[in-house]
Each structure stands twice: as C-alpha cells, then as structure tokens.
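Some notes on the structure that comes next.
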Amino acid sequence: MKPMRGLFVVGTDTGVGKTIVTAALTAALRSENRNVGIWKPVQSGNLLGSGATDAERLLQYTGLKEQPETVATFTFEAPLAPLQASKQAGVTFTLQELRLAGEHLLHRYESLLIEGAGGAAVPLTDESLMADFMAELRVPALIVARSGLGTINHTLLTISYLQQHGVSILGFILNQGEPVDLNADPSAATNAMWIERYSGIPFLGRFPYLQNEINTAALIDAVRESIRLETIQQALSFQRIEGKVI
C-alpha cells in the first residue's frame with residue numbers, strides 16, 4: 001500500500017491548537033500556489049451546521065470552497081473520544097474506510113494536511129488508536145503542543161509513542177494560545193530547546209497568539225513570520241517526487 005501524500009497534524013492533547021495551526025499552514029501553502037487540501041477524518045463535540053466543528057473552522061480560516069461533510073468523514077455530537085462518540089451514535093467504521101475517504105480527496109489535491117482528533121493515544125476503533133491510523137496512512141506527523149509549563153513532558157511522551165508505532169515525525173510546533181507572561185511562566189522561553197535536545201526532533205516554530213480577528217490573511221502572515229514553512233514545503237515536494245517512482 002502506497003503512503004498517502006501529506007502531513008498528519010497531531011496534538012499532545014485536545015485543545016492545544018491543532019485546528020488553527022492546520023488552517024494557517026494550509027492557507028500559507030495555498031498562498032504559494034500549492035494545491036493543498038484539508039481532511040478531518042473524525043471529529044466530535046458538535047454537529048455539522050453548528051459552525052463550531054473543526055471542519056467548518058478549517059474551511060472558514062483557509063477559504064477553501066468545500067462542503068464541511070467532504071472534509072469531515074465522520075462527525076459525532078458527543079464531546080467524547082472518537083470511539084466512544086461513534087458508539088453512542090450507533091456508528092462503526094474501520095481504518096480502511098477512513099483511508100478511502102482521504103484517497104477520494106487526493107483526486108483533487110496534490111497533498112493533504114490531515115488533522116487528528118485529540119492526541120496520538122486517543123481510541124479510534126475497537127482495535128486501534130489514533131497512532132495506528134497514522135501508521136496506516138504512512139504520512140509524517142507534525143506535532144502541535146502548548147508552549148507553557150508541562151509541554152516538555154507531554155511532547156516527549158507523544159514523540160516516543162509515535163516512534164514506537166513506526167510513525168515518522170517531521171517536527172513540532174508550539175502554539176501560543178494566550179499572551180505570554182515570562183514572569184508567570186518562564187518555561188515558555190526554553191521549552192522548545194529542551195524538547196529538541198532530548199528528542200532530536202526539529203522545532204519548526206512558535207505559532208503566535210493572535211490578538212485581533214482571526215482571518216486567512218492574518219494566519220498566512222503568522223506562518224510566514226514564525227514557522228519554518230520551507231521544511232513543510234520540502235516534505236510535501238519530496239512525497240510528490242517520490243510518488244512518481246514508487
């Protein structure tokens with residue numbers, strides 16, 4: 001089975017900023033004429049039409065002209081891990097069914113930025129966790145983590161867990177979800193250094209706290225100013241070239 005073309009954005013926890021970072025990277029890549037799409041295989045906590053689902057926010061922030069149900073394969077109302085939310089809704093799915101949905105999207109895009117649900121060890125089906133799905137897709141992981149106190153532990157554990165499951169890791173991004181007060185949390189200044197030192201995984205930048213209205217232009221500017229976008233571009237370009245010979 002060939003690897004899917006793209007990157008899998010996984011968080012160290014729920015609520016760390018995967019959606020905003022995924023949207024920002026997609027918008028920035030598309031602004032440079034990269035035909036990149038988005039995919040949210042599973043989401044829970046709201047129903048489509050509410051305007052509050054990750055898929056709807058991804059489309060809003062990136063400006064992509066897609067229907068939410070096209071980029072969100074399964075949506076569940078209960079604010080639970082995908083496995084429990086799907087059981088509560090009376091729905092079952094397999095990793096193969098999820099993968100097929102992503103392959104349909106790749107008919108229209110060169111590559112996909114895939115946003116996970118929660119962290120790497122979130123239950124997805126009766127037999128598998130999110131990391132198993134990532135290994136099935138065979139795309140590199142891009143880790144999004146909080147920037148403050150505690151993130152060294154959470155990020156190193158996520159890195160170790162993904163590596164145990166055979167998932168390659170492109171790098172990690174720290175998301176500054178709120179204003180930084182180095183007096184209150186001095187760890188924010190050095191966390192990235194320690195994560196990089198102990199894991200050997202590249203630090204790709206700190207996504208800033210956006211004080212004003214969040215829109216596509218603001219997200220693109222934030223990526224260009226703070227994220228090593230060239231590393232992500234190179235990873236996607238390599239996959240495209242590699243895809244011609246495998």
Side-chain angles (χ1 to χ4, degrees), residues 3-4 6-22 24-25 39-45 54 79-86 95 98 113-178 180-182 184-209 226-228 231-232 235:
M4 186 167 284
L7 292 173
F8 199 108
V9 182
V10 62
T12 54
D13 195 359
T14 189
V16 297
K18 295 187 305 298
T19 300
I20 196 75
V21 171
T22 301
L25 292 174
W39 181 29
K40 180 77 179 186
V42 181
Q43 60 182 357
S44 58
D54 288 345
L80 301 167
L83 173 59
Q84 189 59 40
S86 64
L95 298 189
L98 280 181
L113 261 63
I114 309 161
E115 185 193 342
V122 165
L124 192 57
T125 72
D126 282 323
E127 296 81 26
S128 58
L129 304 174
M130 189 64 67
D132 298 305
F133 182 46
M134 297 168 69
E136 170 86 8
L137 296 181
R138 295 170 59 196
V139 296
L142 178 62
I143 297 172
V144 176
R146 294 184 179 89
S147 65
L149 189 64
T151 198
I152 295 175
N153 177 65
H154 295 161
T155 307
L156 290 178
L157 287 174
T158 298
I159 289 169
S160 177
Y161 193 78
L162 289 175
Q163 290 173 335
Q164 289 174 31
H165 281 72
V167 177
S168 64
I169 304 170
L170 179 67
F172 69 96
I173 289 174
L174 297 184
N175 178 47
Q176 192 65 54
E178 55 189 22
V180 181
D181 183 351
L182 292 180
D185 183 6
S187 75
T190 57
N191 285 333
M193 175 191 70
W194 293 116
I195 294 168
E196 197 170 40
R197 173 176 175 177
Y198 285 114
S199 68
I201 299 299
F203 173 50
L204 300 186
R206 185 188 309 272
F207 192 81
Y209 171 69
S226 60
I227 304 299
R228 290 166 50 188
T231 300
I232 296 170

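From a predicted model like this one, the values you see are computed outputs, not experimental measurements. Heavy-atom basis, side chains included; hydrogens, waters and symmetry copies ignored.
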Which pair of heavy atoms, one from [X] and one from [Y], lies closest together, and at what distance?
| X | Y | value |
| --- | --- | --- |
| Phe207 | Ile227 | N-CD1, 4.0 Å |
| Gly119 | Val10 | C-CG2, 4.0 Å |
| Glu178 | Tyr209 | CA-CD1, 3.5 Å |
| Gly6 | Pro140 | O-CD, 3.4 Å |
| Ala145 | Thr155 | CB-OG1, 3.3 Å |
| Met134 | Ala141 | CE-CB, 3.6 Å |

Distance-only check: which donor-acceptor pairs under 3.5 Å involve side-chain atoms of residues 162-174, not counting sequence neighbours?
unit_1 : atom_1 : unit_2 : atom_2 : d
Gln164 : NE2    : Ser160 : OG     : 3.2
His165 : ND1    : Tyr161 : O      : 3.1

From [atom1] ([X]) to [atom2] ([Y]), nearest 0.5 Å:
| X | Y | atom1 | atom2 | answer |
| --- | --- | --- | --- | --- |
| Ile232 | Leu25 | CD1 | CG | 4.5 Å |
| Asn191 | Phe203 | CG | CZ | 9.5 Å |
| Thr12 | Ile152 | OG1 | CD1 | 12.5 Å |
| Leu124 | Leu129 | CG | CG | 8.0 Å |

Checking the side chain of [X] only, and the main-chain atoms of [Y] only, is there a donor and an acceptor separated by less than 3.5 Å?
| X | Y | answer |
| --- | --- | --- |
| Thr151 | Ser147 | no |
| Arg146 | Gly177 | no |
| Lys40 | Gly116 | yes |
| Ser199 | Leu156 | no |

(Q) Run Leu142 and Leu204 through side chain to side chain contact (heavy atoms under 4.5 Å, CB included) and show every step you take. (A) CA-CA 9 Å; Leu142 178 62; Leu204 300 186; 3.6 Å; yes
Q) So do the side chains of Ile195 and Ile159 get within less than 4.5 Å of each other, counting heavy atoms only? A)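 Of all side-chain heavy-atom pairs linking Ile159 with Ile195, at least one is under 4.5 Å.
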Q: With the side chain counted from C-beta on, respond yes when Val139 and Leu7 share a heavy-atom pair under 4.5 Å apart, and no when they do not.
A: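 They are not in side-chain contact.
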**Q.** Any pair counted as ring pair (Phe, Tyr, Trp, His ring centres under 6.0 Å), so long as it reaches residues 114-145, sequence neighbours left out
**A.**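 Checked against ring pair (Phe, Tyr, Trp, His ring centres under 6.0 Å) - neighbours excluded - no pair reaches residues 114-145.
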Q: Sort and list the pairs that fulfil salt bridge (Lys or Arg N to Asp or Glu O under 4.0 Å) and have at least one residue in residues 125-135, not counting sequence neighbours.
A: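 Every pair satisfying salt bridge (Lys or Arg N to Asp or Glu O under 4.0 Å) with a residue in residues 125-135: Lys87-Asp126.
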Q) Can you pull the salt bridge (Lys or Arg N to Asp or Glu O under 4.0 Å) pairs that have at least one residue in residues 186-205, sequence neighbours excluded? A)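 Salt bridge (Lys or Arg N to Asp or Glu O under 4.0 Å) check on residues 186-205 returns no pairs.
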Q | Partners meeting side-chain contact (heavy atoms from CB on, under 4.5 Å) with Leu149 (sequence neighbours left out) | A |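 So Leu149 forms a side-chain contact (heavy atoms from CB on, under 4.5 Å) with Asp185, Ser187.
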Show me the side-chain donor-acceptor pairs of residues 13-21 shorter than 3.5 Å, one per line, residues at least two apart or across chains.
unit_1 : atom_1 : unit_2 : atom_2 : d
Thr19  : OG1    : Asp54  : OD1    : 3.3
Thr19  : OG1    : Glu115 : OE1    : 3.2
Thr19  : OG1    : Glu115 : OE2    : 2.7

